[in-house]
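Step one of this worksheet: look at the structure below.
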Number of protein chains: 2
Amino acid sequence: MAGDKRLYKSIVDKVLLSIDSGEFPAGGRLPPERELAERYDVSRPTIREAIIALEALERVEVKTGSGIYVLESTTGWNGIDSSISPFELTEARAMIEGEAAALAATMITNEQLAELEIALNEMASPSTAVYENADKKFHQVIANTTGNKMMDSVINNLWYVRDNSPTVHRAYQSICETDGNVRVQEHVEIFEALQKRDDRAARTAMHQHFSRIINKLIVVTEKEQLEAIRRKMTESKERFSLNHLVTAN
Amino acid sequence: MAGDKRLYKSIVDKVLLSIDSGEFPAGGRLPPERELAERYDVSRPTIREAIIALEALERVEVKTGSGIYVLESTTGWNGIDSSISPFELTEARAMIEGEAAALAATMITNEQLAELEIALNEMASPSTAVYENADKKFHQVIANTTGNKMMDSVINNLWYVRDNSPTVHRAYQSICETDGNVRVQEHVEIFEALQKRDDRAARTAMHQHFSRIINKLIVVTEKEQLEAIRRKMTESKERFSLNHLVTAN
DNA sequence: TCAACTACATTGGACTAACCAATATAAAGA
DNA sequence: TCTTTATATTGGTTAGTCCAATGTAGTTGA
C-alpha cells in the first residue's frame, strides 16, 4: 500500500502522516529538501519528486529560495471536507437522489428496470459485502437513468464521501449491521414506483428510504454518546474516587 | 503562464498539449524519459518530475520497465467531465438548488436575508462582472443557509463546472449578454419566497429561474447551429463554385 | 514444428556530486 | 536608525552512473 515499488510515494505518505500528526503544522515550513533527504534516507531527487506530488495534491506550496510551506486545508487527506456529518450527507442524498429518482421515473427503460431487479436480488444476500455493492449499484443505476451526466457525477461524489470520509463511513458501518430486510423492502418500493413511471411516488419512496437511515443514525449516535458519557463517568470515578485513600487506611 | 519559474511545470504543459493534440494518443505510450529529455532539452530528473505531476493529475500511468502510458480521460484538464452539456448542468442546478432553496426557506435568518438583499442590489449593476459576482453570491448564500455542508459543497461544485467547463462557460456567457432585468426579477421572487419562509414557493421560484435559463439556452443553441450551417454553406459555395473558371474565361 | 528458455536491449528507478538562482539573514556602512 | 551589502540557506537544474523490471528476439530442446 505504502510502496507501489515507487520510493517517492512512500515518502509522500510519510510526510503526509507527519503533517496530519501536527509535526509539520499547517502554515509552517517543511524541513529543507536536503534535511528531508537525510531524514528519510533517500536522495534529494527522490524528495523533490515527493514534494512535487504533494504540490499536485495541493498540500504544500514551494517557494523558491525560501522553503516548502504546508498549506492549511479544510479538506482532509482525500479531498473531503471531513467536518461533514453523516446527517448532512444523508440529508443531501435524500434531496438529491430524491429528485434523481423522480426524473429517472420519467425516463427509465425496461433494460434499466431489469438492472435494478438484478441489484435487488443481490441485496438479499447475507454477505454484507455483496449487499453493500448491490445497494450502491441500485442507486447508481438510478443516477445513470436520469440521463444527466452532471447529476450522475454529483451522486457519485456523494457515494465517494460516504465511502471515504472517516466519520461518515464509520457511522454508516454501524447502522448497516443492525438492520434486517427493511432496507430491501424500501428499495423494492422505489423500484415499483419507477416501474410505474410514477415520479412523485419514486421521490417519496426515496425520501422514506433516507428518512429511515436518518432515524437509525439518530439512534446509533444517541447510543454512542451515552456510551461515551458512561465511559467518561467511570473514568472520573476511578480518577476521583478516594479508594486509594480508603483502602490505604 | 507556462513558466512559473519551474521547469517541470512548463514540461507538463507541453506534454499535455501534445496529448490533447493527439500526438500522444490515449492508451498509447509516451516516448521514453531519455528521449523526452532530449526533445524538450532538459535533464531526465526534470522529465521525471513532470511525469510525476502528470501522474498525480491522473493523465498518465507509469509502468516500470515498460513505459509511460497515456490514460484515456473522460475528464478534461481541470478534472471536469467536459462532455457535460449546459443543459445537463442547468437541469441539475434546478433540481439541486431547488431543494436547497426549499430547505433554506425553513432555516433562513434575518441576517442571511439581509445578505441576499445586498446581492440583489448589486445585481442591478450594469457591469456584467459585478452582476455575475452578485448572482453567484446570491446562490451561495442560499446554499450556505441550508446549514448542510455537503449540500453547500455540491452546489459549489456545480458553480465550479459552470465557470470552468469550456462548453458550459461559453454557453452561459452568450446568454448572459442577451437578457435584461428579467433575471433580477426572478431572483427577487426567490428572495420573497425565502422571506416568507415559504419552502414550496422558494422551490418553485428557483425552478422557474432555471427554466428560463434552459429556454434561453435552447434559443441560443438553435441560433448557433443555424449559424454553423450557414457558415458551412458559404464555405462550400466558395469551395465548389466555379468562379475561378468562369472569371478565367 | 512449436514451446520454453536464455541473453540482450530497452525503459523506468534511484543515487551522487555538483553548480546556479532566488531568498533570507546578518553584518557593515551612511 | 535605516539602508546597503555580503553571506549563508534553500530550492532549481544538470550530468553521469548504476540498478531492476520488462519486453523481445534468438536459441535450444522436445
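Just so it is clear, the values below take in all heavy atoms, side chains as well, and ignore hydrogens, waters and symmetry mates. Letters A, B, ... are given to chains in the order of the sequence lines, protein chains preceding strands, and every chain is numbered from 1. The structure displayed is predicted, hence computed values, not measured ones.
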Consider the side chain of [X], meaning its heavy atoms from C-beta on, and name the nucleotide among [options] that approaches it most closely.
X	options	answer
B/V62	D/dT14, C/dG12, D/dG11	C/dG12
A/P32	D/dT10, D/dG12, C/dG12	D/dT10
A/R34	C/dC19, C/dC15, C/dG12	C/dC19
A/L7	D/dA21, C/dC15, D/dT13	C/dC15
A/S43	C/dG13, C/dT16, C/dT11	C/dT16
A/R44	D/dT14, C/dG13, D/dG11	D/dG11
A/T46	C/dC15, D/dT10, D/dT14	C/dC15
B/I68	D/dT10, D/dG12, C/dG12	C/dG12
B/E49	D/dT13, D/dG12, D/dA21	D/dT13

Rounded to the Å, how far apart are [X] [atom1] and [N] [atom2]?
X	N	atom1	atom2	value
B/L54	C/dG12	CG	P	13 Å
A/E38	C/dA17	CD	P	14 Å
A/R6	C/dG12	CZ	C1'	8 Å
A/I11	C/dA14	CD1	C1'	12 Å
B/L30	C/dT11	CG	C1'	13 Å
B/E33	D/dC19	CD	C1'	14 Å
B/E35	C/dT11	CD	P	7 Å
A/I51	D/dT10	CD1	P	14 Å

Decide whether [X] and [Y] meet the rule of one side-chain donor and one side-chain acceptor closer than 3.5 Å.
X	Y	answer
B/S21	B/S18	no
A/E91	B/N148	yes
B/S165	B/Y160	no
B/Y131	B/R183	yes

Taking the nucleotide of DNA chain C with the nearest heavy atom to each, does A/K63 or B/R29 sit closer to the 5' end? B/R29
Do the side chain of B/E55 and the main chain of B/V60 share a donor and acceptor less than 3.5 angstrom apart? no
Whether A/T221 side chain and A/L217 backbone form a donor-acceptor pair below 3.5 Å: yes
Could one point to a donor on the side chain of A/R48 or the base of D/dG11 with an acceptor on the other under 3.5 Å away? no
As a test of understanding, state which of B/M206, B/E97, B/Q112 forms a side chain to side chain contact (heavy atoms under 4.5 Å, CB included) with B/I142. B/M206
Sole candidate of A/V70, A/L16, A/L71 that passes side chain to side chain contact (heavy atoms under 4.5 Å, CB included) when paired with A/R59: A/L16
Respond yes when some side-chain nitrogen or oxygen of B/S66 is under 4.0 Å from OP1 or OP2 of D/dG23, and no when none is. yes
Phosphate OP1/OP2 of C/dT23 contacted by A/T64 side-chain N/O (<4.0 Å): no
Per the end-axis method with five pairs at each terminus, what is the bend angle of the helix from C/dT1-D/dA30 to C/dA30-D/dT1, to 10°? 0°
